[in-house]
Colleague: 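Sending over a structure as C-alpha cells; questions will come in a sec.
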There are 2 protein chains.
Amino acid sequence: MEKPPTSFHQIGNKSLRERILTTLREAILNGELRPGHTLVETELASQLGVSRAPLREAIQILNTEGLLDTVPYHGTTVKALTKRDIEELYSLRIVLETFAIRRIIAQLPEVDTAPLRTLFEQMLIAADQDDITRVNVLDREFHDTLIAMSGHKLLVSTWSSVAMRVRQVMSLRNLRNSDIKQIAHNHIPLIEAIERGDEPTATMLIAQHVASAGDLLAEDWQDDPSTATEEDQP
Amino acid sequence: MEKPPTSFHQIGNKSLRERILTTLREAILNGELRPGHTLVETELASQLGVSRAPLREAIQILNTEGLLDTVPYHGTTVKALTKRDIEELYSLRIVLETFAIRRIIAQLPEVDTAPLRTLFEQMLIAADQDDITRVNVLDREFHDTLIAMSGHKLLVSTWSSVAMRVRQVMSLRNLRNSDIKQIAHNHIPLIEAIERGDEPTATMLIAQHVASAGDLLAEDWQDDPSTATEEDQP
DNA sequence: TCGCAGTCGATTGTCGACAATCGACTGGCG
DNA sequence: CGCCAGTCGATTGTCGACAATCGACTGCGA
C-alpha cells in the first residue's frame with residue numbers, strides 16, 4: 001500500500017489524474033468494465049491506491065466524454081449502450097469519415113496516401129494469420145489515419161470521442177473471423193478511389209463499408225434492460 | 001463572503017460543481033472571459049466563495065469541452081481561438097447540419113416543422129426592432145432545434161460542443177446589423193425546402209447560409225499572438 | 001396486516017491543509 | 001562580465017476528514 005517516494009519503473013509519469021483516467025478509460029474501452037457496472041469512489045480509490053480527489057476529476061472527464069454516467073448522490077455507472085446508440089454511432093461515423101475523405105481529395109496531390117496502403121497491407125497479413133486482435137487494431141489505425149489526413153483538428157477531436165465508443169462496442173462483440181477478413185479486404189477499393197480523386201466512389205464506398213460493419217455489430221444486440229438510458233414518465 | 005441560504009437568482013440549485021461549471025462556461029461563452037485569460041484556482045475559488053475541489057472538477061470538464069486549456073503545474077487559460085479554428089468550426093457545422101436536414105427530410109411527414117417557422121417569425125420581428133441580441137438568441141435556437149429535430153441524440157451532443165464554440169466566437173465579434181438581418185431572412189427558403197422534402201436545395205442552402213456567416217466571422221480575425229495554439233519546433 | 005414517519009448506513013459532495021513542481025530570481029564563481 | 005547552481009515564491013496536485021444527501025430498513029400505530 002505504501003508507494004516508494006520515487007518509483008522509477010513508471011514511464012509515463014504524468015499526474016495521478018491522468019493515469020487514473022487512462023486506466024479507467026482503457027478498462028471501459030476494453031470491455032473490462034461493462035456497461036451498467038457501478039463504480040464506487042471509495043472502493044475504487046483504495047483499489048487504485050489513490051485518494052478520491054484525482055479519481056473524481058477523472059470521473060468528471062469520463063462523464064463528459066460520455067463513457068460514464070453519474071447521478072448525483074446516487075452513483076456512477078458505465079454508460080449503457082443501446083442498439084439505438086450503436087446505430088447513431090455508425091451513422092455519424094459515416095458522416096465524419098465522408099467529410100474527411102472529401103477534404104483529403106480536395107487537397108489531393110499534397111497529402112500522402114502511403115500510410116493507408118501500409119496499414120492495409122499489414123492488415124491483410126494479420127488477417128491471413130487469423131490475428132483478429134491485430135486486424136482490429138490496424139483497422140482502428142486506418143480510420144484514425146484517414147481522419148487525421150484531413151488536416152482538420154476539430155474533426156479529429158470530434159472523431160476521437162466517436163471512435164472511443166466504437167471501440168467499446170467492438171470489445172463487447174465478437175465478430176466472426178470471416179466477417180473481419182471481409183471487412184479488411186474492403187479497404188483497398190476505397191484507397192484506390194481516394195488516390196484517383198474519385199469522390200463519388202470513395203464516399204459511396206466508405207458509407208457502405210462503415211454501414212455494413214455497423215449492421216454487423218448492431219445485429220441481435222440486446223439492450224440490457226436494467227441499464228436503459230431512458231425511462232418513460234407516467 | 002457569506003451566501004444567503006437561498007439566493008433567489010440562481011434557479012437550478014444543483015451541486016456546487018454544476019453551478020461553478022455553468023458560471024464559468026457562461027462567462028467564457030459571453031466573451032466575459034476572453035481567450036488567453038489566465039485562471040488561478042485559489043483566486044477564483046475564493047472569488048466564488050467555494051473550495052478548490054469542486055472548482056477543479058468544473059475546470060476538468062471545461063478542459064474536456066475544449067473551452068479551457070490547462071498545462072500541468074503551470075496554469076489554466078481560456079483556450080485561444082484562431083482563424084483556423086473558426087474555419088474548422090463552420091466547416092464542421094455545415095457537415096452536422098446537413099446531416100440533420102437529411103435525416104429530417106427522410107422522416108418527413110412525421111416531424112413537425114412548425115417550431116422552425118415560429119422561431120423564424122420571431123426572428124423577423126426582432127430584426128425589425130433592431131434587437132440584435134434577441135436575433136442571435138433566436139438564431140441559436142433555430143439551429144439547435146434543427147439538430148434536435150433529427151432525433152439523433154449523438155448528433156445533438158456533438159452539436160452542442162460545436163455550438164458552444166460558435167457562440168463564443170459570436171460574442172467576440174460584432175456583426176453589422178445589416179448582415180444579421182440578411183442572415184435572418186436567409187432562413188425562410190431553407191424552411192420551405194425542408195418542408196417540401198427538397199434535399200438537394202435544402203442542403204445547398206444550409207451550406208451557403210452557414211458558410212457565409214462563417215466567412216463574415218472569420219474575416220479580419222486576428223489570432224492573438226500571445227496565445228497561439230501551436231509552436232514550431234526547431 | 002398495512003401504512004408511514006423516523007432513523008441508519010452507504011455513498012457522494014465539499015473543505016482546508018499539505019506536498020510536488022516549475023519559473024524566476026539571485027548570488028557566487030570562473 | 002557571463003554563466004550556472006541553488007533558493008524562493010507562486011501555483012497546481014493530492015490527501016484525509018467532515019458534511020450533505022438519498023434509499024432502505026424498522027418499528028410504531030391504526
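A quick note: this is a predicted structure, and the numbers were derived from the prediction, not measured.
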Colleague: Applying a 4.0 Å non-hydrogen cut-off, can you work out what A:Leu44 is touching in the nucleic acid: base, sugar-phosphate, or nothing?
Modeller: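 No contact.
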Colleague: Under 4.0 Å, heavy atoms only, any strand: does B:Leu39 hit a base, just the sugar-phosphate, or nothing?
Modeller: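 Sugar-phosphate, no base atom in range.
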Colleague: Might you work through the side chain to side chain contact (heavy atoms under 4.5 Å, CB included) test for B:Ile61 and A:Ile61, ending with a clear yes or no?
Modeller: CA-CA 6 Å; B:Ile61 293 174; A:Ile61 294 174; over 6 Å; no
Colleague: Rounded to the Å, how far apart are B:Leu48 CG and C:dT14 P?
Modeller: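 Going from CG in B:Leu48 over to P in C:dT14 covers 13 Å.
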Colleague: When the nearest nucleotide of DNA chain D is assigned to B:Thr76 and to A:Tyr73 on a heavy-atom basis, which residue is associated with the more 5' position?
Modeller: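 In this pair, the answer is B:Thr76.
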Colleague: Over how many whole Å does the gap from B:Leu68 atom CG to D:dT12 atom C1' extend?
Modeller: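 Going from B:Leu68 (CG) to D:dT12 (C1'), I get 15 Å.
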Colleague: So which one's nearest nucleotide on DNA chain D is more toward 5', A:Pro72 or A:Ala53?
Modeller: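 In this pair, the answer is A:Ala53.
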Colleague: Can you tell me which nucleotide in D:dT14, C:dT12, D:dT12 comes closest to the side chain of A:Glu41?
Modeller: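 Per side-chain heavy atoms of A:Glu41, the pick is C:dT12.
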Colleague: Whole angstrom is fine here: how far is it from CZ in A:Arg19 over to P in D:dT14?
Modeller: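 These atoms are roughly 8 Å apart.
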Colleague: Starting at the 5' end of DNA chain D, write a dot or bracket for each base, bracketing those in Watson-Crick or G-U wobble pairs whose two distances are under 3.5 Å and using | for partners on another strand.
Modeller: ||||||||||||||||||||||||||||||
Colleague: With a 4.0 Å cut-off on heavy atoms, is B:Arg52 in touch with a base, just the backbone sugar-phosphate, or nothing at all?
Modeller: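 Base: the residue B:Arg52, judged by heavy atoms under 4.0 Å, touches a nucleobase.
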Colleague: Nearest to the side chain of A:Ser51, heavy atoms from C-beta on, is which of D:dC15, D:dA20, C:dC22?
Modeller: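 Out of D:dC15, D:dA20, C:dC22, the nucleotide with an atom closest to A:Ser51's side chain is D:dC15.
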Colleague: If I take atom NE2 in residue A:His74 and atom P in nucleotide D:dC22, what distance separates them, rounded to the nearest angstrom?
Modeller: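 Spelled out: NE2 on A:His74 to P on D:dC22 is 11 Å.
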Colleague: Does the B:Gln107 side chain pair with the main chain of B:Ser150, one donor and one acceptor, at a distance under 3.5 Å?
Modeller: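 Yes.
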Colleague: Can you sort out the partners of A:Arg25 under salt bridge (charged side-chain N to carboxylate O under 4.0 Å, His left out), two or more places apart, ordered by chain and number?
Modeller: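 Here the qualifying residues are A:Glu65.
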Colleague: Rounded to whole Å, how long is the line connecting atom NZ of B:Lys14 with atom P of D:dC22?
Modeller: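 Value for this atom pair: 15 Å.
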Colleague: Figure out the CD/C1' separation between B:Gln60 and D:dG13, and round it to whole Å.
Modeller: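 Atom-to-atom, B:Gln60 to D:dG13, this comes out as 10 Å.
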Colleague: Quick one: A:Glu57 CD to C:dT12 P, roughly how many Å, whole number?
Modeller: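 About 16 Å, once rounded to whole Å.
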Colleague: Considering only side-chain heavy atoms of A:Arg17, which listed nucleotide, C:dT12, C:dC15, D:dG13, is closest?
Modeller: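 Shortest atom-to-atom distance from the side chain points to D:dG13.
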Colleague: Quick one: list whatever passes side chain to side chain contact (heavy atoms under 4.5 Å, CB included) with B:Asp112, sequence neighbours left out.
Modeller: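 B:Asp112 satisfies side chain to side chain contact (heavy atoms under 4.5 Å, CB included) with B:Ala114, B:Pro115 once adjacent residues are dropped.
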Colleague: With a cut-off of 3.5 Å and sequence neighbours excluded, list every side-chain donor-acceptor pair involving residues 51-58 of chain B.
Modeller:
unit_1: B:Ser51; atom_1: OG; unit_2: B:Ala53; atom_2: N; d: 3.4
unit_1: B:Arg52; atom_1: NE; unit_2: B:Glu41; atom_2: OE1; d: 3.1
unit_1: B:Arg52; atom_1: NH2; unit_2: B:Glu41; atom_2: OE1; d: 2.8
unit_1: B:Arg56; atom_1: NE; unit_2: A:Glu57; atom_2: OE2; d: 2.7
unit_1: B:Arg56; atom_1: NH1; unit_2: B:Glu41; atom_2: OE1; d: 3.2
unit_1: B:Arg56; atom_1: NH1; unit_2: B:Glu41; atom_2: OE2; d: 2.9
unit_1: B:Arg56; atom_1: NH2; unit_2: A:Glu57; atom_2: OE1; d: 3.3
unit_1: B:Arg56; atom_1: NH2; unit_2: A:Glu57; atom_2: OE2; d: 3.4
unit_1: B:Glu57; atom_1: OE1; unit_2: A:Arg56; atom_2: NH2; d: 3.3
unit_1: B:Glu57; atom_1: OE1; unit_2: B:Arg17; atom_2: NH1; d: 3.0
unit_1: B:Glu57; atom_1: OE2; unit_2: A:Arg56; atom_2: NE; d: 2.7
unit_1: B:Glu57; atom_1: OE2; unit_2: A:Arg56; atom_2: NH2; d: 3.4

Colleague: For B:Arg56 and D:dT14, give me the distance from atom CZ to atom C1', rounded to whole Å.
Modeller: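 After rounding, the gap between these two atoms is 8 Å.
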Colleague: What pairs of residues pass the ring pair (Phe, Tyr, Trp, His ring centres under 6.0 Å) test when at least one of them lies in residues 38-59 of chain A, not counting sequence neighbours?
Modeller: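 Those involving residues 38-59 of chain A do not exist here.
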Colleague: Sequence neighbours left out, what passes salt bridge (charged side-chain N to carboxylate O under 4.0 Å, His left out) with A:Asp131? Give chain and number order.
Modeller: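 For A:Asp131 there are no salt bridge (charged side-chain N to carboxylate O under 4.0 Å, His left out) partners, ignoring immediate neighbours.
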